Amino acid sequence: MYAIEIENLTKSYGNFKAVDNLTLKVEKGITFGFLGPNGAGKTTTILSMIGLIIPDSGSIRILGEDVFREPVKVKERIGYLPENATIYEELTAWRNLEFFANFYKMSRQEKEKRIEELLKMVGLWDVRYRKVKTFSKGMKQRLLLAQTLINDPEVLILDEPTSGLDPEGAYLVKNIVREERKKGKTVFFSSHILSEVEELSNRVGIIVKGKLRALGPLEDIKREFMELEGYEIKVETKQKLPQIELPEIIRIEKVNENKAIIFAKEDIREQLSELLAKKGATIVSLKVEEPSLEDVFLRTIYRRSD
């Protein structure tokens, strides 16, 4: 069973189609990065996942439960952190978590134990009795994350979870995401910080203009990108580089007498090694330059969206 199943989801606002026939499945126990430019349909998809937006058509199931037919059952099993979440500023950190814990079937002892555990996890235990209005933005965001975890959810849905955090706060949040995944939880998060998605995600989905443009393990997406754009191979030899001619080569950019960047239709390192050996050149290094997620996102996804 999948943790999240979205089938043919469509939502329009007047003539604007925010989400266009989106189908997406997320396996249990993984961290799934959901990417897209502003206005791509990320937030509409997420709000539909938690039942706050009713789509024009399509279905969403979380842990086998229909989001729209069994909203209470779904909410008992998920944790949701919106991008611009609000919190009760006149209450203390402890009282905020206590308030939200009251929505779930927990004994007083269970609530107190869980609140203590979470405040320590997000580094706010020492300020648990301070009013939230005295907190920095980063401290509030960490408290909101603790609030999201109060019911020990099986699925976490996080919309820009490190937004506004300093490096230390962002590091803490990312560590919590890793720890939750180790416990077997499923984490679905959107972020505009591409390096963050690359660092945390097992699988990635990229949405542009309401349509899913790429889906799968990041390495597979990168491989598809290289097959489309060409392989970038860096070569360095001990001696002066001999002339290199292979049919798969698109172009060669010389760095200096010993180094070059070769753009090829496929990975030709084996052929290059054989050719250079025949010409008496000793290879110092020969490697394929992996594209970053930013390369994939900017050079492929935006172009395909035109």
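All figures in this text were calculated on a predicted structure; none of them were measured in a lab. As a basis for the values below, the full set of heavy atoms in this structure was taken, side chains included, without hydrogen atoms, waters or symmetry mates.
Judged by distance alone, with hydrogens and angles left aside, the side-chain atoms of Asp20 form no donor-acceptor pair with the main-chain N or O of Lys211 at under 3.5 Å. Listed for the Ser191 side chain is a donor-acceptor partner under 3.5 Å among the backbone atoms of Ile193. Lys75 places a side-chain N or O within donor-acceptor distance of the main-chain N or O of Ile50, the cut-off being under 3.5 Å. Looking at Asn96, its side chain does come within 3.5 Å of a backbone N or O of Thr92 through a donor-acceptor pair. Between the side chain of Arg114 and the main chain of Leu149, a donor-acceptor pair closer than 3.5 Å is present. Judged by distance alone, the side chain of Asn258 and the main-chain N or O of Lys238 form a donor-acceptor pair under 3.5 Å. Between the side chain of Thr10 and the backbone N or O of Asn21, at least one donor-acceptor pair lies under 3.5 Å.
Listed by chain and number, the residues in a side-chain contact (heavy atoms from CB on, under 4.5 Å) with Ser107 are Gln109, Glu110 (sequence neighbours excluded). Residues that satisfy the salt bridge (charged side-chain N to carboxylate O under 4.0 Å, His left out) test with Glu90, not counting sequence neighbours, are Lys131, Lys133. A search for side-chain hydrogen bond (donor to acceptor under 3.5 Å, both in side chains) contacts involving Gln271 returns nothing, not counting sequence neighbours. Under the salt bridge (charged side-chain N to carboxylate O under 4.0 Å, His left out) criterion, Asp267 pairs with Arg269, sequence neighbours left out. For Glu83, there are no side-chain hydrogen bond (donor to acceptor under 3.5 Å, both in side chains) partners, not counting sequence neighbours. For Glu98, the side-chain hydrogen bond (donor to acceptor under 3.5 Å, both in side chains) partners are Arg95, not counting sequence neighbours. Taking the salt bridge (charged side-chain N to carboxylate O under 4.0 Å, His left out) definition, one finds that Glu198 meets it with Lys222, sequence neighbours left out. In terms of the side-chain hydrogen bond (donor to acceptor under 3.5 Å, both in side chains) criterion, Thr44 has no residue partners (sequence neighbours excluded). Residues that satisfy the salt bridge (charged side-chain N to carboxylate O under 4.0 Å, His left out) test with Glu89, not counting sequence neighbours, are Lys140.
No more than 12 heavy atoms of other residues, nucleotides or ligands sit less than 6.0 Å from atom NZ of Lys240. Heavy atoms from other residues, nucleotides or ligands lying under 6.0 Å from NZ of Lys120 number more than 12. In this structure, Lys279 places its NZ atom where more than 12 heavy-atom neighbours from other residues, nucleotides or ligands lie under 6.0 Å away. Within a 6.0 Å sphere centred on CZ of Arg130, other residues, nucleotides and ligands contribute more than 12 heavy atoms. Applying the 6.0 Å contact sphere to NZ of Lys174 captures more than 12 heavy atoms from other residues, nucleotides or ligands.
Using bins of under 30°, 30° to 60° and over 60° for the plane-to-plane angle, the ring pair Phe103/Phe100 lands in the tilted bin.
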**Q.** Steps toward side-chain contact (heavy atoms from CB on, under 4.5 Å) verdict (Met139, Val127)
**A.** CA-CA 10 Å; Met139 292 167 72; Val127 294; 4.0 Å; yes
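Side-chain atoms of Thr148 and Leu156, non-hydrogen and from C-beta on, do get closer than 4.5 Å to each other. A 4.5 Å side-chain heavy-atom check between Leu9 and Thr23 finds every atom pair outside the cut-off. By the 4.5 Å heavy-atom criterion applied to side chains, Ile62 and Tyr2 are not counted as neighbours. Here the side chains of Leu286 and Ser273 are in contact, with some heavy-atom distance below 4.5 Å. At least one side-chain heavy atom of Trp94 sits under 4.5 Å from a side-chain heavy atom of Trp125.
Ion pair Lys265/Glu248 not flagged as a salt bridge, since none of the NZ, NE, NH1 or NH2 atoms sits closer than 4.0 Å to an Asp/Glu carboxylate oxygen. Using a cutoff of 4.0 Å between basic side-chain nitrogens and carboxylate oxygens, Glu168 and Arg142 are not scored as salt-bridged. Salt bridge present: Glu179 and Lys182 bring a charged side-chain N and a carboxylate O closer than 4.0 Å. Ion pairing between a basic and an acidic side chain is recognised when a charged N comes within 4.0 Å of a carboxylate O; Asp152 and Lys185 show such pairing.
Defined by atom type and a distance below 3.5 Å, a donor-acceptor pair is missing between the side-chain atoms of Glu7 and Ser59. When only modelled atom types and interatomic distance are considered, Asp159 and Ser190 share a side-chain donor-acceptor pair under 3.5 Å.
Taking every heavy atom of both residues into account, Ile233 and Ala264 meet most closely at CD1-CB, 4.4 Å.
Atom CD1 of Ile6 sits about 13.0 Å away from atom CZ of Arg61, to the nearest 0.5 Å. Distance check, rounded to the nearest 0.5 Å: CG of Leu158 to CD of Glu180 gives 9.5 Å. In this structure, CG in Leu63 is found 9.0 Å from CD1 in Ile78, a value given to the nearest 0.5 Å. Residue Glu253 holds its CD atom at 8.0 Å from CD of Glu232, rounded to the nearest 0.5 Å. Taking CD of Gln147 as the reference point, atom CG of Leu145 lies at 10.0 Å (rounded to 0.5 Å).
Ring centroid separation for the pair Tyr231 and Phe263 does not come in under the 6.0 Å cut-off.
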Under 3.5 Å donor-acceptor pairs involving side-chain atoms of residues 27-34, not counting sequence neighbours:
residue	atom	partner	partner atom	Å
Glu27	OE1	Arg203	NE	3.4
Thr31	OG1	Arg181	NH1	3.3

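Through direct or indirect side-chain contacts shorter than 4.5 Å among Ile, Leu, Val, Met, Phe, Trp and Tyr, Tyr171 is connected to no other residue. Val284 belongs to no hydrophobic cluster, as no Ile, Leu, Val, Met, Phe, Trp or Tyr side chain comes under 4.5 Å of its own.
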